[in-house]
2 protein chains.
Amino acid sequence: MSQHRHPGAPGRAGAVPALPDLPEATVARLPEYLRALHNLAETGHETVSSEGLASAAGVNSAKLRKDLSHLGSYGTRGVGYDVGLLIDQIEYVLGLTQRRAVALVGVGNLGHALAGYDGFVSRGFRIAALFDADTARVGEEINGLVVRHIDELPRVAAAEAIAIGVIATPASAAQAVADQLVAVGVTSILNFAPCVLSVPEGVDLRKVDLAIELQILSFHEHRKASLTALPATGGSALTALPGGLAVTDPQEAIGT
Amino acid sequence: MSQHRHPGAPGRAGAVPALPDLPEATVARLPEYLRALHNLAETGHETVSSEGLASAAGVNSAKLRKDLSHLGSYGTRGVGYDVGLLIDQIEYVLGLTQRRAVALVGVGNLGHALAGYDGFVSRGFRIAALFDADTARVGEEINGLVVRHIDELPRVAAAEAIAIGVIATPASAAQAVADQLVAVGVTSILNFAPCVLSVPEGVDLRKVDLAIELQILSFHEHRKASLTALPATGGSALTALPGGLAVTDPQEAIGT
DNA sequence: TTGTGTGAAATATTTCACAGCC
DNA sequence: GGCTGTGAAATATTTCACACAA
């Protein structure tokens, strides 16, 4: 691509957004770059190389450059990237120039913590409403917000222009809540309940399952243990393991 | 592969683990299958087809079959999978046959919620210890566990055989905590702090960043808004968008 | 000379489609 | 007849390596 093309300049200088459809893997990394850039900006850096930003974000520099190249050319060859400019660009692409309103449904153990989580507010969002189905919890105030009954969702959603719904209910309630969110026009949902939700075409759904993360780590623990368990089988302990030798996690070595 | 090969039967009938090194994408889905299988078992199903399990887990059946084929052949052609057998097999591969001990560091807002999260306990883990650096929080009891000072980590880790460390501290403390966990022999870490951690080779690190999930959703909101914003540009509104037409999120349509 | 931007190569993952077994 | 297991094709993602701009 010739010359500098800045698709959708943040300053809206008459140009057009034309959000390029980024690879999903790239989208998932942009927030990480953004955080690293904010750190750099706070420590007085005005410029950063792909190498520098990549290591701050925990990726390799080739990947970073490829990712950023999808946004257009915001670097200067021989110099690096302008930190401020890149922050603006990424925030623009991620749609963070407007502070989206988030509705959190389910104010139990986890929901309570999410309601008080600074990161949402400090990173571009506004928790606009809290809901729960349990009347015992309705009325409680968390972080300056009053918990409302879920039946008030339609009214509140219209008033607050809710853009994103976060579900932190028990799994048994999650699908019903998702349906209600969809019904009031919410098109992005983040689900913390450990279950599969189905939503209509056009609604984006992401999920965070805390236990799954631990189970993935458990797999790798198991794997590491099963490898080190056979210290010397003659070399290729990594391949097939013909037969014999019952080794079911002797007791993973911890500490000295 | 000829006949039924059951690499590493759970019942340890003298056979060998021989954990096949599964594709990472497959590993990440196994916990989801496991949850779906438990649901099926509870509702009395003894057998399930790839189609049925796939839809319960929110994936397509081809992917499911490919994933399961990496574990060996546990299905019966023309019939489906034996629910109980598959549960055993997946639990075995994920290393859930032993209840791994988890240490949670950082008992603030989020950590507090994690300490009380049922899902960890119900899905194969044991929260063995809670730590914090803030002496004001040390001694507090959460869910039957007393919060200890982080300096006690070495002693406790040795006593409890901690396998996995969960970091729920502020970002500023996270790297130091990670270092301490690594120092006492922990080789798997789940990080909730919004920062990049570096750990030595051989230590597995996963990360959950709640704000990042919202930012990814925000991107898609932005994208949807920018597409629907040009209702009829003559057909190919999806391609480049030559120039002109300043469209910076008019106001995303919410509600009716 | 430095360091971005990017084609092209290498990997990883998903999907297709069907042979083979129950 | 139904459904798994799996090669082969299609996509997606990562990495390489270098032309070229500043």
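Chain letters run A, B, ... following the sequence lines, proteins first and then strands; every chain starts at 1.
Scanning for ring pair (Phe, Tyr, Trp, His ring centres under 6.0 Å) contacts around Phe192(A) gives an empty result, with sequence neighbours left out. For Arg206(B), the salt bridge (charged side-chain N to carboxylate O under 4.0 Å, His left out) partners at least two apart in sequence or on another chain are Glu213(A). Lys207(B) meets the salt bridge (charged side-chain N to carboxylate O under 4.0 Å, His left out) test with Glu32(A), Asp209(B); sequence neighbours excluded. Tyr117(A) pairs by the ring pair (Phe, Tyr, Trp, His ring centres under 6.0 Å) definition with Phe120(A), not counting sequence neighbours.
At whole-Å resolution of the value, NE2 in His70(A) and C1' in dG7(C) are 12 Å apart. One atom, CZ of Arg29(B), and another, P of dA12(C), lie 15 Å apart when rounded to the nearest Å. The CG-C1' distance, from Leu53(B) to dG2(D), rounds to 17 Å in whole Å. Rounded to whole angstrom, the span from the CG atom of Leu64(B) across to the P atom of dG5(D) amounts to 10 Å. As a whole-Å value, the separation of Asp82(A) CG from dA22(D) P is 15 Å. At whole-Å resolution of the value, CG in Asp67(A) and C1' in dT14(D) are 10 Å apart. Summarising the geometry, the separation between CG on Asp21(A) and C1' on dA12(D) is reported as 13 Å, rounded to the nearest angstrom. Distance Glu24(B) CD to dT14(D) P: 13 Å, rounded to the nearest Å.
For the pair His222(B) (side chain) and Val93(A) (backbone), a donor-acceptor distance under 3.5 Å is present.
Among pairs with a residue in residues 188-201 of chain A, those fulfilling side chain to side chain donor-acceptor pair (under 3.5 Å) read Ser188(A)-Glu221(B), at least two apart in sequence or across chains. Here side chain to side chain donor-acceptor pair (under 3.5 Å) pairs that include residues 164-179 of chain B, with residues two or more places apart or in two chains, are Gln175(B)-Asp179(B). Among residue pairs with one or both ends in residues 41-56 of chain A, none qualify as salt bridge (Lys or Arg N to Asp or Glu O under 4.0 Å); sequence neighbours excluded. For the salt bridge (Lys or Arg N to Asp or Glu O under 4.0 Å) condition, the pairs that include at least one residue of residues 65-74 of chain B, sequence neighbours left out, are Arg29(B)-Asp67(B).
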Taking only nitrogen or oxygen atoms into account, show me every contact under 3.5 Å that the protein makes with nucleotides 15-19 of chain D, one pair per line with its distance.
| from | atom 1 | to | atom 2 | distance (Å) |
| --- | --- | --- | --- | --- |
| dT15(D) | OP2 | Asn60(A) | ND2 | 2.6 |
| dA17(D) | N6 | Arg65(A) | NH2 | 3.4 |

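Between its two ends, the helix from dT1(C)-dA22(D) to dC22(C)-dG1(D) turns its axis by 10°, counting five pairs per end and rounding to 10 degrees.
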Show every donor-acceptor pair shorter than 3.5 Å between a side-chain atom in residues 77-84 of chain B and any protein atom, with sequence neighbours excluded, or say none if there are none.
| from | atom 1 | to | atom 2 | distance (Å) |
| --- | --- | --- | --- | --- |
| Asp82(B) | OD1 | Gly84(B) | N | 3.1 |
| Asp82(B) | OD1 | Leu85(B) | N | 2.8 |

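Non-hydrogen atoms lying under 4.0 Å from DNA chain D are contributed by Ser49(B), all within residues 35-49 of chain B.
Minimum atom distance to the side chain of Ser50(A) is reached by dT4(C), of the listed dT4(C), dT13(C), dT6(D).
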Q: Could you give me the CA-CA distance, side-chain angles and deciding distance for Leu181(B) and Val203(B), then say whether side chain to side chain contact (heavy atoms under 4.5 Å, CB included) is met?
A: CA-CA 10 Å; Leu181(B) 286 168; Val203(B) 174; over 6 Å; no
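Between Tyr74(B) and dC3(D) there is no side-chain polar atom (N or O) within less than 4.0 angstrom of OP1 or OP2.
Remark on DNA chain D: of its neighbouring residues Val79(A) and Thr26(A), the 5'-side contact belongs to Thr26(A), judged by nearest-heavy-atom nucleotide.
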